[in-house]
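Worksheet: the structure to be examined is printed underneath.
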Amino acid sequence: MKNNLMALCSTVLGMVVAATGLRAQTTLKDAFQADFRIGVAINQKQFDDEDQRGDPIIKAQFNALSPENILKWESVHPEPGRYDFAGPDRYVEFGEKNHMLIVGHTLVWHNQTPKWVFQNANGNPTTRAVLLERMRDHIHTVVGRYRGRIKIWDVVNEALQDDGKLRKSPWEQIIGDDYIEKAFQYAHEADPDAILRYNDYSLENKPKQNGAIALIKKLQTEGIPVTAIGLQDHVQMDWPTREQEDAAISAFAGLGLKVMITELDVNVLGGRQTAEITEMAHQGGSNGYTNGLPPVVQQELANRYADLFRVFVKHHDDIALVTFWGVTDGDSWLNMRGRVNHPLLFDRAGQPKPAFDAVVRVAQEPSPAR
Ligand code: GLA
């Protein structure tokens, strides 16, 4: 009787909320507590507790952190033999102080890595042996410093091309294809308990997805400790489809990997579909919403986010973490080159958007998967 009454109250409340558009009074991390952690990428001002708009949102809404830039090679290891741990130390302390799961991003990538890493004293490409030693030293030093504190590492970022073949990055060209194996081995040596991720974008597209599956299977056959896949999910309004997202998560979960959504945002301005930052900087697309999103587009964005989260919830057994790439719209990398983008759940004033409510409501929907 009491249960029936409570169920009735909750239904009526749900109807009132839906009808009046009343704001859901919960937080993202609480709403999805039974499903997965909700993370956010933060910048220096934020982990220094100097962002009066962003910090209260970070602390209230999220229970996992990624560093937007501070642990990339160019920041943490700008010159040969010189590491700068001042910022990364504060990032990790911020996460610990706020009881959050702390992610490290990223160890081996072709962007935001200084040229000297790949060169000898004359500026020519260095040798396989030297580059492997530099990689080993970097990974052992950085991962080793935060052993047991940073629980998840993006070990290799974006090693694949859109056609699924290995990207001809300086890592691949100088060391050879096995640079990936070596990176994971070194990371495992430095922290045997850390979850080690392969992280990439557009893994919902079949050619790239098949390349990633082949790569992961090869690593697994060789006994390489890759334990998670990062689907970056810098998505568009119409790509990937729900079916593509669903199929990608199933495919990687089927390999026995933990699946994590690592860099979620929705590009409402369109343009060529890519998340490669050097290409993004040159791409077109509209800049039509410089004065804010019209209500109809706000609603489309809300629907888009709700659709994505329904797919994530369906796979809650396999998904450990969903991370947004930025706190408010004003923080997003998608504003590059003077664009005014609106890709996240909180607007430039730090207010939750209709997309926030839509996402929270998904957590409250009955789901056959739960
Ligand atoms: C890639 C990287 C991230 C970030 C984004 C956008 O996806 O993994 O660190 O740089 O691009 O800036």
Side-chain angles (χ1 to χ4, degrees), residues 39-47 64-78 87-88 91 102-114 117 138 142 150 152-162 167 169-171 180 183 187 195-205 208-209 212 226 228-236 239-240 245 248 259-283 285 321-344:
V40 64
I42 62 170
N43 60 35
Q44 180 150 342
K45 210 170 154 198
Q46 291 164 340
F47 63 71
L65 292 179
S66 287
E68 190 176 4
N69 286 308
I70 204 74
L71 275 165
K72 289 176 179 169
W73 194 309
E74 67 179 9
S75 304
V76 69
H77 191 182
Y91 162 71
I102 305 169
V103 173
H105 170 86
T106 179
L107 297 169
V108 174
W109 190 26
H110 58 281
N111 283 327
Q112 294 183 262
T113 304
V117 175
H138 179 85
V142 177
I150 290 185
I152 301 172
W153 275 101
D154 283 329
V155 179
V156 176
N157 204 33
E158 304 179 351
L160 293 162
Q161 304 175 161
D162 287 341
R167 183 190 290 277
S169 70
W171 295 108
I180 300 176
I195 293 171
L196 304 182
R197 248 174 15 193
Y198 175 71
N199 189 50
D200 212 330
Y201 60 85
S202 297
L203 291 174
E204 291 80 4
N205 292 343
K208 192 161 181 176
Q209 186 182 116
V226 53
I229 184 96
L231 306 182
Q232 289 187 1
D233 276 11
H234 295 293
V235 305
Q236 304 279 335
W239 173 90
E245 190 63 29
V259 180
M260 307 193 189
I261 310 301
T262 53
E263 305 185 14
L264 181 60
D265 48 30
V266 180
N267 182 358
V268 294
L269 298 183
R272 215 178 78 68
Q273 181 213 112
T274 181
E276 164 59 45
I277 48 176
T278 49
E279 284 178 42
M280 269 297 288
H282 300 290
Q283 73 151 267
L321 172 64
V322 176
T323 293
F324 290 84
W325 203 249
V327 183
T328 72
D329 284 342
D331 300 320
S332 172
W333 71 296
L334 290 168
N335 296 312
M336 68 166 69
R337 296 250 159 154
R339 298 179 124 209
V340 181
N341 222 322
H342 308 267
L344 297 165

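This one's a predicted model, so the numbers in the text were calculated from it and none came from an experiment. Start at 1 and go down the list; that is how both ligands and their atoms are numbered. Side chains are part of it too, since the values below use all heavy atoms of this structure and drop only hydrogens, waters and symmetry mates.
- Within the listing of ligand 1, atoms 2 (C), 8 (O) sit less than 4.0 angstrom from a heavy atom of N157.
- Residues S332 and N341 have side chains that never bring a donor and an acceptor to within less than 3.5 angstrom of each other.
- Between D162 and N205 there is no side-chain heavy-atom pair separated by less than 4.5 Å.
- Between W73 and H77, the ring-plane angle classifies as parallel under the 30° and 60° cut-offs.
- With rounding to the nearest 0.5 angstrom, the CZ atom of R197 is 11.0 Å from the CG atom of L107.
- Here the shortest heavy-atom distance to atom 5 (C) of ligand 1, taken over E263, M336, E158, belongs to E263.
- Close contacts of ligand 1 with K72, meaning ligand atoms under 4.0 Å from a residue heavy atom, involve 3 (C), 4 (C), 9 (O), 10 (O).
- The contact set between ligand 1 and H234, taken as ligand atoms under 4.0 Å from a residue heavy atom, comprises 5 (C), 7 (O).
- The aromatic rings of H234 and W333 sit perpendicular, their planes meeting at an angle over 60°, well past the 30° parallel limit.
- With a 4.0 Å heavy-atom cut-off, ligand 1 is reached by the side chain of W325 but not by its N, CA, C or O.
- Heavy-atom minimum distance, N335 versus G330: ND2-O, 3.6 Å.
- For ligand 1, none of its N or O atoms has an N or O atom of N199 under 3.5 Å away.
- Atoms of ligand 1 lying under 4.0 Å from any heavy atom of H105, numbered from 1 in the order shown and given with element: 2 (C), 3 (C), 8 (O), 9 (O).
- Contacts between N111 and ligand 1, counted as non-hydrogen atom pairs separated by less than 4.0 Å, are absent for every part of the residue.
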